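What you are looking at is a predicted structure, and each value in this text was computed from that prediction instead of being measured. Below, chain A is the first sequence line, B the second, and so on; all start at residue 1.
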Number of protein chains: 2
Amino acid sequence: MSQEGVGVDLETSLGYLLKEASSALRVAMEEVLRPLGMSVTHYSCLELLAQRPGLSNSELARGAFVTRQTMNVLLQTLERDGYVTRPAEAPVGKALPARLTPRGRRSLEKASAAVRSVEAGMLAGLTGTEQSEAFRILRSMIHSLRGADEGA
Amino acid sequence: MSQEGVGVDLETSLGYLLKEASSALRVAMEEVLRPLGMSVTHYSCLELLAQRPGLSNSELARGAFVTRQTMNVLLQTLERDGYVTRPAEAPVGKALPARLTPRGRRSLEKASAAVRSVEAGMLAGLTGTEQSEAFRILRSMIHSLRGADEGA
DNA sequence: CAAGCTATGTCAGAATGCTGACATGAGTCA
DNA sequence: TGACTCATGTCAGCATTCTGACATAGCTTG
């Protein structure tokens, strides 16, 4: 029963809508980053390092929502191409603090501007109040999703 | 200037928060789907077919936010394993309408329940009003992101 | 009717990300 | 001190997804 014209609760699912929004954001970011020869993860890594110099590979991975193995591969490429530097030896423990080179900083500038304009566009139709609401609501969702199994 | 403890507007970026929420949702979904031997895209495809029987490969791809090539690979696997069926010849045009088999429907049942519980958990801390707000806001974001270059 | 445009299905190769595994450095605790 | 636990960096192999390309079906337009 219920075949064709049914309610189709994909249309009312906040999970689906969240995925849709995230997908749209990713597509829009890829679109502006492609001309700069940069992927979203690539950009995320540089932006993280710009705002928090000295992050380790594992910390960058968590910040960019990828595994540390994935970030490691990316970091090696970025290091080889002269966008970031890491000391040969860890000052403490095993964690190697990464930093942007001048070249990395330069490369990030255009990308950062492009991404900010994408984000600004995304928020164009929203009032400041709505943006605050969105912030609060998304935070709550994240908290609920993570707390479910970490707390148990 | 401004090195360590700076504002770090990743903390205030709605784009970053959106990515974080989406990542948390994906992780939570993978977690409950893994025991069922199902990936998120796998599940998405079955759920789409359950709610809208007869969708074509390209339509499924758009609904699951992947390319039609990716969905084609998945569909071939699902067809081989007896979860979906497609006619040998297209009734019209080239589009092959796909449908769930009884086995596919059975397999989807547990997965659907699991995913719904994840979504319910995600919304646990939110009032009905907040959920409506979230819905409206996400819709606006999607509209703004897509309209930017499709309208130009 | 013919040409052009768009959408579709599909194959092939490349890029990207993940899981598994191992070794190392640091903190904890008996 | 020695064993245990945890986090880290890294290598290797695999899975997933993407881009590029091609042929075909249907519509549109002159």
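- The interatomic distance linking A:Lys94 (NZ) with C:dG25 (P) rounds to 7 Å, in whole Å.
- We find that CD of B:Glu59 is positioned 15 Å from C1' of C:dT6, with the value rounded to whole Å.
- Both A:Arg26 and A:Gly93 lie near DNA chain C, and the one whose nearest nucleotide falls closer to the 5' end is A:Arg26.
- For the pair A:Glu89 CD and C:dG25 P, the computed distance is 10 Å after rounding to whole Å.
- The side chain of A:Ser56 sits closest to D:dG9 out of D:dT17, D:dG9, C:dT10.
- Remark: B:Thr41 is in phosphate contact with D:dT17, judged by side-chain N or O atoms under 4.0 Å from OP1 or OP2.
- Formation of a donor-acceptor pair under 3.5 Å by the B:Thr101 side chain with backbone atoms of B:Tyr83 is found in this model.
- Between B:Glu109 and B:Arg106, no side-chain nitrogen of the basic residue sits less than 4.0 Å from a carboxylate oxygen of the acidic one, so the salt-bridge criterion is not met.
- Computed from coordinates, the B:Arg34 CZ to D:dT16 P distance equals 11 Å when rounded to whole Å.
- One interatomic measurement links the two molecules: CZ of A:Arg68 to P of C:dT24, which rounds to 16 Å at whole-angstrom precision.
- Put simply, A:Asn57 has a side-chain N or O that comes within less than 4.0 Å of OP1 or OP2 on D:dG9.
- In summary, the side chains of B:Arg103 and B:Ser107 do not present any donor paired with an acceptor at a separation below 3.5 Å, with no hydrogens or angles considered.
- Picking from C:dC18, C:dT24, C:dT8 the nucleotide with the shortest atom distance to the side chain of A:Thr70 gives C:dC18.
- Rounding to the nearest 0.5 Å gives a distance of 8.5 Å between CG of A:Asn57 and CD of A:Gln76.
- Side-chain N/O atoms of A:Arg26 and A:Ser22 include no donor and acceptor closer than 3.5 Å.
- Counting distance only, with no hydrogens placed and no angle test, the side-chain atoms of A:Gln69 and the base atoms of D:dG9 include no donor-acceptor pair under 3.5 Å.
- Phosphate contact (OP1/OP2 of D:dG9, side-chain N/O of A:Asn72, threshold under 4.0 Å): absent.
- The closest side-chain heavy-atom distance from B:Leu126 to A:Met141 is below 4.5 Å.
- Side-chain nitrogen and oxygen atoms of B:Arg86 include at least one within less than 4.0 Å of the OP1 or OP2 phosphate oxygen of C:dT10.
- Along DNA chain D, the nucleotide closest to B:Val92 and the one closest to A:Leu96 are compared, and the more 5′ of them pairs with A:Leu96.
- A:Leu75 places its CG atom 15 Å from the C1' atom of C:dG17, with the value rounded to the nearest Å.
- Between the CG atom of A:Leu74 and the C1' atom of C:dG17 there is a distance of 11 Å, rounded to whole Å.
- Between A:Thr67 and C:dT19, a side-chain N or O to OP1/OP2 separation shorter than 4.0 Å is absent.
- Contact between the side-chain N/O atoms of B:Arg62 and the OP1/OP2 oxygens of C:dT8 is found at a separation under 4.0 Å.
- Within the 4.0 Å cut-off from OP1 or OP2 of D:dG9, at least one side-chain nitrogen or oxygen of A:Ser58 is found.
- Between B:Gln76 and C:dG9, a side-chain N or O to OP1/OP2 separation shorter than 4.0 Å is absent.
- Rounded to an integer number of Å, the gap from CD of B:Glu30 to P of C:dG17 is 14 Å.
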